[in-house]
Amino acid sequence: MAEPLLSVRDLRIAFPSPAGLVEAVRGVSFNVGREKLGIVGESGSGKSMTGRALLKLTPKAAQVTAARLDFAGIDLNAASERRMRGIRGGRISMIMQDPKYSLNPLMRVGSQIAEACRLHQRVGAREAAAKSLAMLEAVHIREPKRVFDLYPHEVSGGMGQRIMIAMMLVTGPDLIIADEPTSALDVTVRRQVLSILDELVTQQGAGLIFISHDLNLVAEFCDRVLVMYAGRIVEELHARDLHAARHPYTQALLRSLPRLEAPVSQLAVPTRDPAWRDGPTYRLEASS
Amino acid sequence: MKMVAPPALEVAGLDIIFGHGAKANHAVQDVSFRVESGGAFGLIGESGSGKSTVLRAVSGLNTHYHGDILLHRQVLPPVRDKGFFRRTQMVFQDPYASLHPRKMVNQVLLEPLIIHKLGRPQQRVDEVLDAVGLDPSFRFRYPHQLSGGQRQRVAIARCLILEPEILLLDEPTSALDVSVQAEILNLLHRLRSERRLTYVMVSHDLAVVAHLCERIAIMNGGKFVEELSVGDLRAGRATQPYSQALLAATHYRPASPEEVTV
């Protein structure tokens, strides 16, 4: 990677609690280029918090510090709220887990997409509507004209997620953060949504951070994978080498999955070693 | 297939229609299957295929169905009696929604005992907590003090405390992480062999269903597309085009563009 799109160094997120500061993310460093980067880990490992911190969408109580938080030459650490509003949705957009909660129930689907477009680009209402319609078509929605005038409750889960993707991509962002974008979807719909995401990311040449707890999905979909445990990155590897993982935690996660082709009577349950909290991080040689 | 044990549960010609007239939605059409005592039967399908609707009819939560549901060769009335609920219990998908937020684990577990007038309540609570691998100290916790996996264990304990014969599992692990999923699947596996339980499980994850069940039915549009054994499923010996497509979809490789249609 010659020039990373996003570069994060020593990101820390802490929450004050009666028992002192609780660190949810403890010194995370990584680069994202124009590639598909997967972040995996169990709940509570800090993967979603990391994604949110990049957009400064962490809860008010959170104390976020980073040695470096650099996005395409902009220092996100120092950026004002006003500046962030221009970046959010415009240059970095985020696809949330559940379309049921992230679409405005009182606005027609088309107007929501057009709104995102008008907020970030200097376009008129008619042009924004045309762009939204084209975007709905790009996410493979049949009869985009009809869907344009529907309300979110009138569309299915898979369609809602595609509408979310359309809304996030209409502004042509450089970086897309997808936080469990397919967890609420069926296997068959999931494959469609992933293909669309893949197609659009490749076409627009954007970077993608794909946050998920599903190892197999990430292994097949992404280029590079970061494995998080207890707020730290414990392993970084190429997605195709996931099955040759070196960290015991990654190996344990892989073993805990039931597999169709290899039946076992008892699944391996990952045991947790306190030493992993501060143990070594297995990095790829090429990157820092 | 050898029929060694008599069927514990049998569903014959089940039809479920929601709504009337032009708006009628034929959610389940002519579904029949049997599960022998101690067996495990899995239902797979996409959302909207009617798999949970079948389970809700079997469990007695939906009383408006046509066709027969038989427990040990006795046709069950649509409105079930209390004895039925003692023998058949259901585990729900979301342990975050299925436990009362303001009741301690102890109260949650005592309630079924009071309803069914069973003796030695505290002793039973301790036994069942031990069976699902929780410490007795968990009795005095509220659901918000438990992790997702612990909550699902409590939900399973609430079913087991009545010593049922049949456990209906509606996506018991889909709200959980992969590592916790393995724990719960192991627990269900162990409980089944220890207590000779009969399972009917619904899931959209093929690998999870294949891990627990011997017979698997694939549903689409309210109908059984195919019923096959777990060995055939693992070997990919599905005969119907829909089942083959579903088996292929468990790999997440992006589909080719012509497959991507709404």
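Predicted, not measured: the structure shown is a model, and the values here were computed from it. Naming: A, B, ... by sequence-line order, numbering from 1 per chain.
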**Study point:** Contact summary for Pro258(A) and Ala207(B), nearest pair of heavy atoms
**Key:**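 Looking at all heavy atoms of both residues, the closest pair is O-CB, 3.3 Å.
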Point to revise | Heavy-atom pair of closest approach, residues Ala182(B) and Ser256(A) | key: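 Looks like CB-O, 3.5 Å.
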**Study point:** Region of Ala268(A) that comes under 4.5 Å of a non-hydrogen atom in chain B
**Key:**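 Ala268(A) touches chain B through backbone heavy atoms alone.
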Practice item. To the nearest 0.5 angstrom, please state how far the CG atom of Leu267(A) sits from the CD1 atom of Ile184(B). Key: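 Going from CG on Leu267(A) over to CD1 on Ile184(B), the span is 12.0 Å.
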